[in-house]
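When a ligand or atom number is given, it counts from 1 through the structure's own listing order.
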Amino acid sequence: MTKHIYHNIASSKAKAQKAFAVLIDPDKLSEQGLLNTIEIAVKAKVDFFFVGGSLVVTDKLDSMVSTIKKHAKIPILLFPGSPDQITPKADALLYLSLISGRNAELLIGQHVISAPFVRQSGLEIIPVGYMLIDGGSPTTVSYISNTNPIPANKNDIAICTAMAGEMLGLKLIYMDAGSGALKAIPTAMIQEVAKHIQIPLVVGGGITTPEKAKENCLAGADIIVVGNAAEKDPELITAIAAAIHSLNK
Ligand code: 1GP
């Protein structure tokens, strides 16, 4: 397997090309729902599938990744809530360190326990500084991770956290209000964080409109992630992809 996904993300950033990732939560989509989402995503030229969730209670991950592989060439990046959400059938692993929190397990503990298995998977490993931002109500991820999100009006904390993540050598910063967040991350915070880091910036959580997706890109996000809204209305994928890609020359 060639490991070129991060290289492509970084070179897109260098060219100011914006990308769209659709998040697939294996618990939430039926087989038919997945096929429908794949078909729409292929037509809309979606750039990535992220697959995973903070709490996955079914064992459909492996078969869902196989189904995506069978029907699309869109790269599949695992976005695991825990080390058991890893399958070598995907293309890459977002190797998340929850740098907004102070839960040692999610900063390093689970990485240590799963290291041999992760290495053996052959997946491209992309080290990610994962930052939870308060989205207005407790989300599954804030509950499960047992961490406090960064308050949505504390730009300075977000900036310093992202800067520290970059200086630690992490390759992406992912700012997330959490799946289904009431409020998406404020544009001003995205703008401030983007100004202070060189590495690509991923933004997700509570994004439900093409306008917000585009606004986030203009503020400096490089990859926009949408899960919930696309589950409810898969056609939204087409509109959001068009809005994001309209910024690319
Ligand atoms: C969650 O960023 C993702 O981790 C996507 O969030 O499901 O709210 O789009 P939504």
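- At a heavy-atom cutoff of 4.0 Å, ligand 1 is contacted by no atom of Phe50, backbone or side chain.
- Ligand 1 has no N or O atom lying under 3.5 Å from any N or O atom of Leu23, backbone or side chain.
- In Lys171, the NZ atom is not crowded: 12 or fewer heavy atoms of neighbouring residues, nucleotides or ligands sit closer than 6.0 Å.
- Looking at every heavy atom in both residues, Asp47 comes nearest to Pro75 through O-CD, 3.3 Å.
- Of the polar atoms of Val225, none of the N or O atoms is found under 3.5 Å from an N or O of ligand 1, judged by distance alone.
- Counting heavy-atom neighbours within 6.0 Å of His71 NE2, excluding the residue itself, gives a total above 12.
- Heavy-atom proximity to Val226, at under 4.0 Å, picks out these atoms of ligand 1: 9 (O).
- The closest approach between Gly206 and ligand 1 falls below 4.0 Å for a heavy atom of the residue.
- Between the side chain of Thr209 and the backbone N or O of Lys212, at least one donor-acceptor pair lies under 3.5 Å.
- Ranking protein heavy atoms by distance to atom 1 (C) of ligand 1, first place goes to Asp176 OD2, 3.3 Å.
- Annotation: atom 9 (O) of ligand 1 to nearest protein heavy atom, Gly227 N, 2.7 Å.
- Residue Ile244 forms a side chain to side chain contact (heavy atoms under 4.5 Å, CB included) with just one option from Val226, Ile223, Asn216, Ile224, and that option is Ile224.
- A donor-acceptor contact closer than 3.5 angstrom links the side chains of Thr87 and Asp62.
- Other residues, nucleotides and ligands contribute over 12 non-hydrogen atoms within 6.0 Å of the NZ atom of Lys18.
- Checked by distance only, ligand 1 and Phe79 stay at 3.5 Å or farther apart across all their nitrogen or oxygen atoms.
- Atoms of ligand 1 found under 4.0 Å from any heavy atom of Asn228, numbered from 1 in the order shown, are 7 (O), 9 (O), 10 (P).
- Looking only at protein heavy atoms, the nearest one to atom 3 (C) of ligand 1 is Tyr174 OH, 3.5 Å.
- For Ile207, no nitrogen or oxygen atom sits less than 3.5 Å from a nitrogen or oxygen atom of ligand 1, counting backbone and side chain alike.
- Per-residue contacts place Gly205 under 4.0 angstrom from the following atoms of ligand 1 (heavy atoms of the residue considered): 2 (O), 3 (C), 5 (C), 6 (O), 8 (O).
- The atoms of ligand 1 that sit less than 4.0 Å from any heavy atom of Gly180 are 7 (O), 8 (O), 10 (P).
- Closest non-hydrogen pair, Ile190 versus Ala221, comes out as CG2-N, 4.0 Å.
- For atom 7 (O) of ligand 1, the closest non-hydrogen atom on the protein side is Ser179 OG, 2.5 Å.
- Within ligand 1, the atoms closer than 4.0 Å to a non-hydrogen atom of Gly204 are 2 (O), numbered from 1 in the order shown.
- Looking at Lys214 and Glu211, no side-chain N of the basic residue comes within less than 4.0 Å of a carboxylate O on the acidic one, giving no salt bridge.
- One finds the CD1 atom of Ile68 at 5.0 Å from the CD1 atom of Ile24 (value rounded to the nearest 0.5 Å).
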